[in-house]
Visitor: 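Shown below is the structure under consideration.
Per chain, numbering begins at 1; letters A, B, ... match sequence-line order.
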Amino acid sequence: MRLSRYFLPTLRETPAEAEIVSHRLMLRAGMIRQESAGIYAWMPLGLKVLRKIEQVVREEQNRSGAIELLMPTIQSAELWRESGRYDDYGKEMLRIQDRHERDMLFGPTNEEMITEIFRASIRSYRDLPLNLYHIQWKFRDEVRPRFGVMRSREFLMKDAYSFDLDKEGARASYNKMFVAYLRTFKRLGLTAIPMKAESGPIGGDMSHEFIILADTGESEVFCDNSLLGLPTPARDVDFNSDLSPMVDNWLSYYAATSEMHEADRFAAEVPDERRVTARGIEVGHIFYFGTKYSAPMGAKVAGPDGEEKPVHMGSYGIGPTRLAAAIIEASHDDNGIIWPASVAPFDVGLINLRTGDEATDSACSKLYAELESDGVEVLYDDTDGRAGAKFANMDLIGLPLQVVVGPKGLAENTIEVKTRNSGERKSIPLQGAAEAIAAMVAEGKQSLDV
RNA sequence: CGGGGCAUAGCGCAGUCUGGUAGCGCACCUGGUUUGGGACCAGGGGGUCGCAAGUUCGAAUCUUGCUGCCCCGACCA
């Protein structure tokens, strides 16, 4: 993409309302624009990031055996009256009426709808287990939205719903999501720690929040330092095998949010030097809720014995919009964003230091074409701005590699490559530059492609 | 929902107390000089001063009402 033809409204100054660093940087980098309290438009650069996050989430959901569908944003109140939640949900639910004065709502979540879809088609345990997910916009009318897309009213959520004949089956489904989540966050360049969470009215031990550590996190968390170094489940993990040893290993270390924290246990179980007390951002939440919806809504299947029973369900959420902000919280410096390779809106920022200079223009054009044909996504700054402004802008939007082409280097047949993450620059020969850069891009991506 | 604050050009702000031609920096447009870490000179465009009523000869400024937004707390992916 040529910057001169792109829509990238960056800001040199920080809008006054932005409190935390991710919000500031997202506004300055022209990723988002607030349209109303807690409601944001995603500008081209932000959308590219969002789509890449979605794609990683999607790939790992699919790998685990979950199946994608797409449910509507607007739901009928009728469904929610069946489960009893229409009255329970409170003001967070945005209620609307259509022209026939039917009660509708903008979905804050989809348990009722997915249960309705399930019960319409599935009758037998032979069709289980089943895990259906979608990535769809949600609306929760938060009392006080804040921190940009970190806590917005409208947000994108991947929500998966598992269906099993019994609790044992549900636990296996739960473990699949547990492992898929570990892989998902790792691929996004994050270290997410599963922490025991409020399990709600069902009780039991099957509810975990996935938390990343960041100074601006909203809640205080406590965990064993050992968790930070645990290996991520491998790409070829067999999701049909018994995953409980793997999951149990993760759960054998102490980790809890402040609501679930037990100071005595923490002190007793975790040696002094391994105790971590930090702030955390919740980026995922998984839980089992049994027959909470299937029973009242009549989602039943026949078991091997021919007897019909309500299915056991779980739900599993990840917020891609929140993740975009969370990744920035975890990865930035004074100059701007530092995107992990897996979600960077472009792989390479190509900077032409002297537009209008024939040699520089043609070297850039050639490099640009070669990289693009190699499948490298390039944002080519072909504008006639000054060097300093171009560097600053490129640092701000945080592309992993910056390729700098100017008359000085070209005089010696070299160009410069800067790694955003380390700040390291090196000159490479113009000859074969595209191949060398493509290799660096591939290497960067591979490091996250666990 | 309780407490606090803000609303003046795309962004950051001054002007409001003490009513009298709506300003500054950045950004934008034109021309020129520049060009390896946010250049310089000259010229220029852009505002129902959040909305509505009121007071006044005259309101960004005073009064009242409304709306939007932000922050702190309680609640949530």
Visitor: Please verify the inter-ring angle class for A:Phe210 with A:Phe185; under 30° counts as parallel, over 60° as perpendicular, anything in between as tilted.
Guide: tilted
Visitor: How long is the line joining CD of A:Glu19 and C1' of B:rC69, in whole Å?
Guide: 14 Å
Visitor: Provide a list of protein-nucleic acid N or O atom pairs under 3.5 angstrom, restricted to nucleotides 1-8 of chain B.
Guide:
from: B:rC1; atom 1: OP1; to: A:Lys91; atom 2: NZ; distance (Å): 3.0

Visitor: Looking at A:Thr109, I'd like to know whether one of its side-chain N or O atoms comes within less than 4.0 Å of OP1 or OP2 on B:rA77.
Guide: no
Visitor: Calculate the interatomic distance between A:Arg151 atom CZ and B:rG73 atom C1'; express it in whole Å.
Guide: 12 Å
Visitor: Measuring from atom CD1 of A:Ile193 to atom OG1 of A:Thr191, what distance do you get when rounded to the nearest 0.5 angstrom?
Guide: 7.5 Å
Visitor: Taking CZ from A:Arg12 and C1' from B:rC26, how many angstroms apart are they, rounded to a whole number?
Guide: 7 Å
Visitor: Going by ring-ring contact (aromatic ring centres under 6.0 Å, His included), name the residues that satisfy it together with A:Tyr380, two or more places apart in sequence or in a different chain.
Guide: A:Tyr368
Visitor: Taking the C1' atom of each, how far is B:rG50 from B:rC29, in whole Å?
Guide: 28 Å
Visitor: With a 4.0 Å limit, can you tell me whether A:Gln402 has a side-chain N or O closer than that to the phosphate oxygens OP1/OP2 of B:rG37?
Guide: no
Visitor: Kindly state each residue pair satisfying salt bridge (Lys or Arg N to Asp or Glu O under 4.0 Å) with at least one member in residues 336-357 of chain A, sequence neighbours excluded.
Guide: A:Asp347-A:Lys445
Visitor: Taking pairing as Watson-Crick or G-U wobble with both contacts under 3.5 Å, can you name the mate of B:rA7, or confirm there isn't one?
Guide: B:rU67
Visitor: Compare the minimum distances between each of B:rG37, B:rA77, B:rG38 and the side chain of A:Glu142, then state the nucleotide with the smallest one.
Guide: B:rA77
Visitor: Determine whether the aromatic ring centres of residues A:Tyr40 and A:Phe155 are separated by less than 6.0 angstrom.
Guide: no
Visitor: Verify whether the ring centers belonging to A:Tyr161 and A:Tyr293 lie closer than 6.0 Å.
Guide: no
Visitor: Between atom CZ of A:Phe287 and atom CE of A:Met313, what is the distance when rounded to the nearest 0.5 Å?
Guide: 10.0 Å
Visitor: Heavy atoms within less than 4.0 Å of RNA chain B: which residues of residues 382-398 of chain A have one? Give them sorted by number.
Guide: A:Arg386, A:Ala387, A:Gly388, A:Ala389, A:Phe391, A:Ala392, A:Asp395
Visitor: Say you pick atom C1' in B:rG73 and the same atom in B:rG54; how far apart are they, in whole Å?
Guide: 37 Å
Visitor: For residues A:Ala325 and A:Val149, report the shortest heavy-atom separation together with the two atoms involved.
Guide: CB-CG2, 3.8 Å
Visitor: Is B:rA60 paired to anything, Watson-Crick or G-U wobble with both distances less than 3.5 Å, and if yes, which nucleotide?
Guide: none
Visitor: Given atom CD1 of A:Ile212 and atom P of B:rA77, what is their separation to the nearest angstrom?
Guide: 16 Å
Visitor: Base contacts versus sugar-phosphate-only contacts with protein, heavy atoms under 4.0 Å: please encode nucleotides 9-15 of chain B as B, S and - from 5' to 3'.
Guide: --BSS--
Visitor: Hey, could you give me the CG/CZ distance between A:Asp103 and A:Arg81, rounded to the nearest 0.5 Å?
Guide: 4.5 Å
Visitor: CZ of A:Phe147 versus P of B:rC75: gap in Å, rounded?
Guide: 15 Å
Visitor: Between B:rG20 and B:rC49, how far apart are the P atoms? Round to whole Å, please.
Guide: 15 Å
Visitor: Is it the case that the side chains of A:Asp382 and A:Ser4 hold a donor-acceptor pair, with the cut-off being a distance below 3.5 Å and no angle test?
Guide: yes
Visitor: Please list, in numerical order, the residues of residues 348-367 of chain A that have a heavy atom closer than 4.0 Å to any atom of RNA chain B.
Guide: A:Leu353, A:Arg354
Visitor: Side-chain donor-acceptor pair under 3.5 Å between A:Tyr133 and A:Asn62, yes or no?
Guide: yes
Visitor: With a 6.0 Å cut-off on the ring centroids, do A:Tyr288 and A:Tyr174 count as close?
Guide: no
Visitor: Using whole Å, what does the distance between atom P of nucleotide B:rG38 and atom CG of A:Asp381 come to?
Guide: 15 Å
Visitor: Rounded to the Å, how far apart are A:Met93 CE and B:rC76 P?
Guide: 16 Å
Visitor: Where the side chain of A:Lys408 is concerned, which of B:rA77, B:rG36, B:rG73 is the nearest nucleotide?
Guide: B:rG36
Visitor: Which distance, rounded to the nearest 0.5 Å, do you find between the CE of A:Met104 and the CD1 of A:Ile96?
Guide: 7.0 Å
